[in-house]
Amino acid sequence: MEKIAPVRGTRDFYPEQMAVRNWIMDGWRAVSRRNGFEEYDAPIFEYLQLYTQKSGEEIVSQLFAMQDRGGRDLAIRPEITPSLARMINQQIHSLPRPVKWFSVPRLCRAERPQKGRLREFFQWNIDIIGDDSPLADAESIFTAIDYLRSVGLTSRDVVAKISSRSMLAAWLQELGATPQELDTIYALLDKRAKLPEETFQALAVEKIPEAGLRNKILELFQIDSFEKLKASAPPAAQEEVARLETLFHLLEVMGVRDYCTFDIHIVRGLAYYTGVVFEVFDRGAELRALCGGGRYDNLLKVLGGPKVSATGFGMGDVVLEILLREKNLLQTAAVPLDFYVIDAAAELGEQTVQTACQLRGRGFSAAFSYKRLPLGKQLKQASSQKARFAVILGQETIDSRQVTIKDMASGLQKTIALPEFLAGPDKVFAAGT
RNA sequence: GUGGGAGUAGCUCAGCUGGAUAGAGCACCAGGUUGUGGUCCUGGGGGCCGCGGGUUCGAAUCCCGUCUCUCACCCCA
């Protein structure tokens, strides 16, 4: 028979990788909860229309679509925000606002895999729905940074680049751009940091043929600090600039201002974002964005609900893991074995199994050998299974119901009565005993 | 979808310009060691050399195709 390979762009999670994944996700969940978010989930597939209605028909080539036996067009979820919007819309009138929810969905996208991008991955999402104040945006950004900080990434390692689409829109229209031109200009802006200056200029000429408007826009693109932005903003954009200023002030109050910077280049692709947008990068700018998000005040309406404002972000596991590995900050959620129970005499085999199971019944993890082996071999197994203690049943068990407990790290051992051990398995090596 | 690089043991790789039963380290299994593990020593299992075709007396090695991985472009919700 032929060996079947894993599907392109997918990963197998052997226990070692699974421990890493669990550690990352445990961190996401813990930080979500301490910031006041509740967990939700949605189906792993949805009607294809949920995505086309939000993103247009082009999206179909970038996701895994299928038909069920009834001919319904379905798709494996490439993101969870549309599902969230669907769920919120269904209960919009009974949910207390703001809704603060998070999820850690498994997502699939039919893209060509490359560094930091796979076809199947996990993405931490948090969203705040039903509040349009800068406080909600600030708390969203804070939550992302709160996690990154919790795993040891400092403001020298990562940076949250923040801008505002509504601010840009107001400013660009003041300069003479039409609302229809905005998306083109956003795409151009998005390219600026990625292209050589010459190529960029050529692209600018192509996208904005009219020289007067183009020059004014290119001048706007030159703004590289919030101070300059504030100083040169036209009256029509002042209100949005003030919102950004409030946001930066709140991030200062929250204690994460050093992680944040204004960057006019952040526009977030062809997304549904309407206001504040942000992306978190490694300071070395070697990797793709770690995290991206912003305000999307129209999505619920686009998906058949009322106009309700929302803000949030997504953080994928792939780039995050690469960066944490590079910075030597990766840990694992591996669970150590508490006890490895050993029989030093053949006739104690059943009692060994019984003792292990009694330990399990008291909430400890315990293992034993399936094969009758010499004591040395069993200790070797205890060692390779990373047991903290070995519990040896031997002649002393037969003679006087005593067992020997060996601390595998120090090699120290004590012999005590079996009932006493079972009464407090974790107390044998506690201080003072 | 477009282009570059790479495919030899579970992993990391060696195998020079074609030459005999394809190797090393790590990992795994067993023994040395029937009441004391990690170290050490010895042995063992494991390979259609990605796949298909071609050149040749002879191909892991050269040529063509194909698949997969990877990096970049497009895109990036």
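Order of the sequence lines fixes the chain letters, A, B, ..., with proteins taken first and strands second; residue numbering starts at 1 for each chain.
- Two rings, from A:F226 and A:F248, have their centers less than 6.0 Å apart.
- When rounded to the nearest whole Å, the span between CD of A:E58 and P of B:A77 equals 13 Å.
- Put simply, the side chain of A:R117 and the base of B:C76 share a donor and an acceptor less than 3.5 Å apart.
- Only the P atoms considered, B:G38 is 14 Å distant from B:G31, to the nearest whole Å.
- With A:F221 as the aromatic partner, A:R192 does not meet the cation-pi criteria of under 6.0 angstrom to the ring centre and within 45 degrees of the ring axis.
- Applying the 4.0 Å criterion to OP1 and OP2 of B:C69, one finds that A:R8 has a side-chain N or O inside that range.
- Residue A:L418 holds its CG atom at 7.0 Å from CD of A:Q358, rounded to the nearest 0.5 Å.
- In this structure, A:N125 places its CG atom 12 Å from P of B:A77, rounding to the nearest Å.
- For A:S383, the side-chain atoms get nearest to B:G38 when compared with the rest of B:C71, B:G38, B:U36.
- Nucleic acid contact for A:L373: none, since no nucleic acid atom lies under 4.0 Å from a heavy atom of the residue.
- Both distances falling under 3.5 Å, in either a Watson-Crick or a G-U wobble arrangement, place B:A72 opposite B:U2.
- With the nearest nucleotide of RNA chain B identified for both A:L379 and A:P374, A:P374 has the one nearer the 5' end.
- Note: CD1 (A:I398) to C1' (B:G35) measures 12 Å, nearest angstrom.
- For the P atoms, the distance linking B:A60 with B:G23 amounts to 13 Å, nearest Å.
- Checked by distance alone, A:Q413 brings a side-chain donor or acceptor within 3.5 Å of a matching partner on the base of B:U36.
- Closest to the A:E111 side chain, of the nucleotides B:C75, B:G31, B:G35, is B:C75.
- The shortest distance between the side-chain N/O atoms of A:K371 and the OP1/OP2 oxygens of B:U34 is not below 4.0 Å.
- Relative to the six-membered ring of A:F429, A:K414 meets both conditions, a distance below 6.0 Å and an angle of at most 45° to the axis.
- Comparing the same atom, C1', in B:C74 and in B:U56 gives a spacing of 44 Å after rounding to whole Å.
- A donor and an acceptor atom, one from each side chain of A:S32 and A:W124, are located under 3.5 Å apart.
- For the pair A:A344 and A:E286, nearest-nucleotide mapping onto RNA chain B gives the more 5' position to A:A344.
- Residue A:G394 is classed as a base contact, given a heavy-atom separation below 4.0 Å to a base.
- Summarising the geometry, the separation between CD on A:Q381 and C1' on B:C29 is reported as 12 Å, rounded to the nearest angstrom.
- B:U12 and B:U8 have their P atoms separated by 8 Å, with the value rounded to a whole Å.
- With C1' as the reference atom, B:G3 and B:A77 are 26 Å apart, rounded to whole Å.
- In terms of phosphate contacts, A:R268 brings a side-chain nitrogen or oxygen within less than 4.0 Å of OP1 or OP2 of B:A77.
- Contacts of A:K386 with the nucleic acid, taken as non-hydrogen atoms under 4.0 Å apart, are absent.
- Regarding A:K380, its NZ atom lies at a distance of 10 Å from the P atom of B:C29, rounded to whole Å.
- The distance between the ring centers of A:W28 and A:F122 does not fall below 6.0 angstrom.
- Taking the P atoms as reference points, B:G18 lies 10 Å from B:C63, given to the whole Å.
- In this structure, A:M315 places its CE atom 15 Å from P of B:A77, rounding to the nearest Å.
- With a cut-off of 3.5 Å on both Watson-Crick or G-U wobble distances, the partner of B:C40 is given as B:G32.
- To the nearest whole angstrom, the two P atoms, one in B:U2 and one in B:A9, are 30 Å apart.
- In a base pair of the Watson-Crick type (N1 to N3 plus N6-O4 or O6-N4) or a G-U wobble (N1-O2 and O6-N3), with each distance short of 3.5 Å, B:C51 is matched with B:G65.
- Across B:C71, B:A77, B:G35, the shortest atom-to-atom separation from the side chain of A:Q114 is found for B:C71.
- Side-chain N/O atoms of A:K191 include one lying less than 4.0 angstrom from OP1 or OP2 on B:C75.
- In this entry the distance linking CD of A:E16 with C1' of B:C11 reads 11 Å, nearest Å.
- A:Q62 comes within 4.0 angstrom of a base, heavy atoms only.
- Relative to the six-membered ring of A:Y272, A:K54 misses at least one condition, a distance below 6.0 Å or an angle of at most 45° to the axis.
- Per the geometry, CG belonging to A:L195 stands 7 Å off P belonging to B:C74, to the nearest Å.
- Counting any heavy atom pair closer than 4.0 Å across all strands shown, A:G411 reaches a base atom.
- When each of B:A77, B:G37, B:G3 is scored by its nearest atom to the side-chain atoms of A:R112, the top-ranked nucleotide is B:G3.
- Spacing between B:U70 and B:C11 at atom P, rounded to whole Å, works out to 14 Å.
- Heavy atoms of A:E396 sit under 4.0 angstrom from at least one base atom.
- Looking at A:R109, its side chain has no donor and acceptor atom pair within 3.5 Å of the base of B:C76.
- When each of A:R106, A:R8, A:R109 is paired with A:E120, the side-chain hydrogen bond (donor to acceptor under 3.5 Å, both in side chains) condition holds for A:R106 and for no other.
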